[in-house]
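Comments concern the structure below.
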Amino acid sequence: MSTWRRRVNYIFIFINRAPPYVNDSQWDNILPFLERGFREGTIAVAPRGVNNEWNLHFRDETYPAMARLIENFILYANVNPNKVYLVGFSAGGDGAYQMAERIPHLLAGISPQGGHPNGVSTINQCNLPMYLAVGEKDAAYKRNKVMGEHYNNIIGNRQKYGGPYLAKCEVVSNSPHSFQCWIKPRKGYFNNDKNIVVTNDTAFDFLYANQRIPYPTEINLDTNIFRTPLRNHFSKRGNFFYFIEIGDKSTELIRLKINYQNCSIQVFEGNNFRIWINSKVFGNEIIAVNGNKIRLNKNNNLAKENMKLFCDPYYAFDSFIDVGSFN
């Protein structure tokens with residue numbers, strides 16, 4: 001793993017491409033290529049792919065490995081867990097599309113660039129800011145077409161499921177597969193508008209403007225994408241999505257809305273899952289779930305166990321509420 005380091009504040013993770021000779025060379029080359037977009041206080045990390053296949057950044061092994069990488073930087077490099085960003089280019093862009101759906105709860109923002117979504121769902125990206133980018137002339141695998149379709153799917157979720165679904169897409173004018181996403185000014189087509197715009201904003205500007213929201217007010221979760229043999233590869237954390245724990249009996253779709261001030265949770269869809277609670281976030285020991293008031297059974301030892309599990313100070317859960325039958 002190669003790093004480019006100044007004072008710690010943010011962490012950017014960059015994933016790149018195969019085959020082996022390119023995978024190895026890009027391991028070190030990707031950071032100098034992109035470092036002009038970094039701000040003071042950034043750690044940049046370029047993890048190598050888990051193998052040399054075309055889908056090297058979206059295999060089942062990838063997601064626990066990425067979670068562990070983020071955990072290590074939180075523990076040992078004093079990185080703010082709410083300021084972790086991921087950028088992927090080419091095959092790395094393919095992987096970024098997949099990670100946006102599988103680990104959005106670990107990221108403050110994500111930018112797939114020159115990649116292909118390969119039909120991945122967009123439901124789980126409710127609270128993950130995304131900056132999609134592709135070259136106008138990048139016609140291989142129809143990358144310059146499918147990115148716009150993927151963007152439309154993200155934005156369409158607002159009406160279908162509710163939630164912010166913050167996204168922006170850029171088609172870099174007159175550009176091939178490779179482009180410098182940090183160049184200013186830059187001509188492009190934005191958000192599927194066919195008119196060329198000149199901008200001084202970059203994907204980095206978009207990402208830096210956002211932080212992870214560890215306790216979002218709306219959760220939309222497609223649980224199918226978590227049902228892999230390796231979801232528990234290194235810990236039971238693989239069953240978690242924000243503060244939702246998925247069980248074997250959990251329904252395919254879970255949708256809920258939380259009002260922290262009123263200490264209430266409304267479950268619109270889904271059953272047989274567990275909602276973990278940090279009582280300090282609500283400030284009350286009584287939570288109303290679909291109108292039914294439930295007194296929390298606070299346990300400080302449980303909070304300590306969850307701190308060890310997540311290595312995330314925001315997820316010191318001291319109690320939980322089961323919705324339906326959970327196991």
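Checked by atom type and distance alone, the side chain of Q159 never pairs as donor or acceptor with a backbone atom of I155 at under 3.5 Å. Judged by distance alone, the side chain of T223 and the main-chain N or O of L253 form no donor-acceptor pair under 3.5 Å. Between the side chain of N127 and the backbone N or O of P216, no donor-acceptor pair lies under 3.5 Å. For N192 (side chain) and G148 (main-chain N/O), a donor-acceptor pair under 3.5 Å exists by modelled atom type. At least one donor-acceptor pair under 3.5 Å links the side chain of N259 to the backbone N or O of Q261. Remark: side-chain polar atoms of E218 are paired, donor with acceptor, to backbone N or O of G163 under 3.5 angstrom. A donor-acceptor pair is defined here as one N or O able to donate and one able to accept, closer than 3.5 Å; such a pair exists between the side chain of N191 and the backbone of C169. Not one N or O on the side chain of N220 forms a donor-acceptor pair closer than 3.5 Å with the backbone of I123.
At a threshold of 4.5 Å between side-chain heavy atoms, the hydrophobic network of Ile, Leu, Val, Met, Phe, Trp and Tyr places V84 and L69 in one connected group. I70 and M307 are assigned to two separate hydrophobic clusters, defined by single-linkage of ILVMFWY side chains at heavy-atom distances under 4.5 Å. Under the 4.5 Å side-chain contact rule for hydrophobic residues, V267 and V281 share a cluster. L302 and F326 end up in different hydrophobic clusters when Ile, Leu, Val, Met, Phe, Trp and Tyr side chains are linked at under 4.5 Å. If you chain together hydrophobic residues whose side chains sit under 4.5 Å apart, I154 and I213 never meet in one group.
Among residue pairs with one or both ends in residues 289-313, those qualifying as side chain to side chain donor-acceptor pair (under 3.5 Å) are R212-D312, Q266-N290; sequence neighbours excluded. Within the structure, ring pair (Phe, Tyr, Trp, His ring centres under 6.0 Å) pairs that include any residue of residues 98-128 comprise H105-F241, H105-Y242 (at least two apart or interchain). Residues in residues 101-113 take part in no salt bridge (Lys or Arg N to Asp or Glu O under 4.0 Å) pair, two or more places apart or across chains. For residues 156-185, the set of pairs meeting the salt bridge (Lys or Arg N to Asp or Glu O under 4.0 Å) definition, not counting sequence neighbours, comprises E170-R186, K184-D205. Applying the ring pair (Phe, Tyr, Trp, His ring centres under 6.0 Å) rule to pairs touching residues 140-164 yields Y97-H150, sequence neighbours excluded.
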Inset, instruction - Please test F282 against L296 for side chain to side chain contact (heavy atoms under 4.5 Å, CB included), starting from the C-alpha separation and ending with a verdict. - result: CA-CA 11 Å; F282 284 89; L296 300 178; 5.8 Å; no
Legend entry - Verdict with reasoning, V120 to I225, per side chain to side chain contact (heavy atoms under 4.5 Å, CB included): CA-CA 9 Å; V120 70; I225 209 161; 4.0 Å; yes
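Under the ring-ring contact (aromatic ring centres under 6.0 Å, His included) criterion, Y315 pairs with Y215, F310, F317, not counting sequence neighbours. Contacts of K194 classified as side-chain contact (heavy atoms from CB on, under 4.5 Å), with partners at least two apart in sequence or in another chain: none. Scored by the ring-ring contact (aromatic ring centres under 6.0 Å, His included) test, F268 finds no partners at all (sequence neighbours excluded). For K142, the side-chain contact (heavy atoms from CB on, under 4.5 Å) partners at least two apart in sequence or on another chain are K145, V146. Applying the salt bridge (Lys or Arg N to Asp or Glu O under 4.0 Å) test to E269 and every residue at least two apart in sequence or in another chain returns R255. Residues passing the side-chain contact (heavy atoms from CB on, under 4.5 Å) test with V197, sequence neighbours excluded: F190. With sequence neighbours left out, the side-chain contact (heavy atoms from CB on, under 4.5 Å) criterion links S111 to V87, Q113, Y131, A203, L207.
The closest side-chain heavy-atom distance from E136 to S173 is below 4.5 Å. Two residues are said to be in side-chain contact when any heavy atoms from C-beta on lie closer than 4.5 Å; F240 and W276 meet this criterion. In this structure, N195 and Y189 have side chains that are not in contact, with every pair of non-hydrogen atoms separated by 4.5 Å or more. Between M66 and H57 there is no side-chain heavy-atom pair separated by less than 4.5 Å. With a 4.5 Å cut-off on side-chain heavy atoms, E285 and S279 do not count as touching. With contacts defined as side-chain heavy-atom distances shorter than 4.5 Å, the pair L221/I246 qualifies. Looking at I287 and I275, their side chains never come closer than 4.5 Å, going by heavy atoms from C-beta outward. Inter-residue side-chain proximity for L256 and V323 is flagged as unmet; no heavy-atom pair is nearer than 4.5 Å.
From I219, atom CD1 reaches atom SG of C126 across 7.0 Å, with rounding to the nearest 0.5 Å. With values rounded to the nearest 0.5 angstrom, Y260 atom OH is found 7.0 Å from T217 atom OG1. Rounding to the nearest 0.5 angstrom, the gap separating the CD1 atom in I254 from the CD atom in E252 is 10.5 Å. In this structure, the separation between CG on N153 and CD on Q125 is 9.5 Å, given to the nearest 0.5 Å. Distance check, rounded to the nearest 0.5 Å: NE2 of H177 to OG of S175 gives 10.0 Å. Put simply, CG on N78 and CZ on F73 are 12.5 Å apart, with the number rounded to the nearest 0.5 Å.
Shown here for K137 and P176, the closest heavy-atom pair between the two residues is CB-CA, 4.1 Å. Scanning both residues, C263 and I286, for their nearest heavy atoms gives CB-O, 3.7 Å. For I74 against C311, the heavy-atom pair with the smallest separation is CG2-O, 3.4 Å. Heavy atoms only, all atoms of each residue included: V171 and G135 are closest at CG1-C, 4.3 Å. Closest heavy-atom contact between P313 and P81: CD-CG, 4.2 Å. What you find for N210 and A108 is that their closest heavy atoms are CB-O, 3.8 Å.
A donor-acceptor contact closer than 3.5 angstrom links the side chains of N157 and T122.
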